[in-house]
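What you see below is based on every heavy atom in this structure, not just the backbone, and it leaves out hydrogens, waters and symmetry mates. Letters A, B, ... mirror the listed sequences (proteins, then strands); counts begin at 1. Just so it is clear, the structure is predicted and the values come from calculations on it, not from any experiment.
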2 protein chains.
Amino acid sequence: MKEAVTDILKHSQLSITESRLKILELFTKHNKALSHADIEKISSKNFDRVTVYRTLQTFVDKGIIHSIPTADNSVMYALCKETCTEGHHHDDHVHFICDECGNTYCLDNIDIPKVTIPKGFSTHQVNVLVNGVCKSCK
Amino acid sequence: MKEAVTDILKHSQLSITESRLKILELFTKHNKALSHADIEKISSKNFDRVTVYRTLQTFVDKGIIHSIPTADNSVMYALCKETCTEGHHHDDHVHFICDECGNTYCLDNIDIPKVTIPKGFSTHQVNVLVNGVCKSCK
DNA sequence: TAACATTTTGCAACATTGTTGCAATTGTAT
DNA sequence: ATACAATTGCAACAATGTTGCAAAATGTTA
Ligand SMILES: [Mn+2]
Ligand SMILES: [Mn+2]
Ligand SMILES: [Zn+2]
Ligand SMILES: [Zn+2]
């Protein structure tokens, strides 16, 4: 497990530090999106708030995680797939937020639906955000 | 114009106050989503920050405006259609954010696409957020 | 219109979230 | 092991949002 995490950092040409290892491990262990607050709460070691902010920003920059817009405008982050690289995110998948447990999941298997846009408008990116009840909470 | 605004407040059983009139007028005049900061900036009279927060919350509660999730997790608000009522929002439309001018628009004419969700999941609400370039900026 | 009851506002104080500069520490390469 | 570069933690600050309460505005009734 720790191997995989180290490899991700190396692959992104990031130096291997305790904060990066621990925080990235949280993402690989929990199969769901995490907020800054989540990370501070569930992390064994108490990193400085600033370190967590900077680590998350670094991961986003490097294409390791992506941020997720949510209906309540809290900031969530989740692991990217291999296709994302520095400066080039391709997180075109549906995000599902369970109104029961509050967990946010990336639904990678679902196709992003085609959205028709008015004449004269052009599309860069489509975010689809579904609220509902997840499998475990049903 | 001011008539319409007054009517909306009456219809929602809200007392007619200067803050509510002015803030609601901003939404009817500007045909786009507004943030808390926008309102403080463009409003002629300088309302207290707290008043703006409370007015926006009241409008959301009453089904007059709805909040919009955005990719950068800033909080935006836009006018609801007539179908929204106290405690019952029906803002099932696409939101478009222009990456040039930064404006956010509600696309009411576009159909919300059908999203297929994995077995065992159920859907309450779908938010579709499109980033791109708007007609005026093209 | 005037008096009253109710609601809303503005202020102050506080809480939460995020940012920046800088010195001390840690990681990497020689 | 040493030297250099990058990262961390701290402090201070900025931005955003919340709460309690007294003053002011609004709606209601007489
Ligand atoms: Mn995702
Ligand atoms: Mn809308
Ligand atoms: Zn759930
Ligand atoms: Zn535009």
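- Of all nucleotides listed (dT19(D), dG17(D), dT8(D)), dT8(D) comes nearest to the side chain of T17(A).
- D99(B) and H124(A) form a side-chain donor-acceptor contact under 3.5 Å, judged by distance and modelled atom types alone.
- For dT28(C), neither phosphate oxygen OP1 nor OP2 lies less than 4.0 angstrom from any side-chain nitrogen or oxygen of S15(A).
- Between the CG atom of L9(B) and the P atom of dT7(C) there is a distance of 16 Å, given to the nearest Å.
- Of the listed nucleotides (dC11(C), dT7(D), dG17(D)), dG17(D) has the atom at the smallest distance from the side chain of Y53(B).
- Distance, D61(B) CG to dT7(C) C1': 15 Å, rounded to whole Å.
- Taking atom CZ on F47(A) and atom C1' on dT25(C), their separation rounds to 15 Å, with Å as the unit.
- Separating the CZ atom of R54(A) from the P atom of dG21(C) is a distance of 11 Å, rounded to the nearest angstrom.
- Judged by distance alone, the side chains of T51(B) and T55(B) never bring a donor and an acceptor atom under 3.5 Å apart.
- Going from atom CD of E18(A) over to atom P of dG27(C) covers 8 Å, rounded to whole Å.
- Residue-to-nucleotide proximity on DNA chain D shows that, of L14(B) and H36(B), the 5′-proximal contact is made by H36(B).
- Remark: T51(B) is not in phosphate contact with dT9(C), judged by side-chain N or O atoms under 4.0 Å from OP1 or OP2.
- The CG atom of L56(A) sits 12 Å away from the C1' atom of dG18(C) (whole-angstrom rounding).
- Computed from coordinates, the K45(B) NZ to dA24(D) P distance equals 13 Å when rounded to whole Å.
- Checking H88(B) against H90(B) by side-chain atom types alone, no donor-acceptor pair falls below 3.5 Å.
- Between V60(A) and H66(A), every side-chain heavy-atom pair lies at or beyond the 4.5 Å cut-off.
- For D48(A), taking side-chain heavy atoms from C-beta onward, the closest of the listed nucleotides dC10(D), dT7(D), dT9(C) is dC10(D).
- In this structure, N73(A) places its CG atom 14 Å from P of dT17(C), rounding to the nearest Å.
- Checked by distance alone, R49(A) brings no side-chain donor or acceptor within 3.5 Å of a matching partner on the base of dG9(D).
- S15(B) and R20(B) are linked by a side-chain donor-acceptor pair at a separation below 3.5 angstrom, with hydrogens and angles left out of the test.
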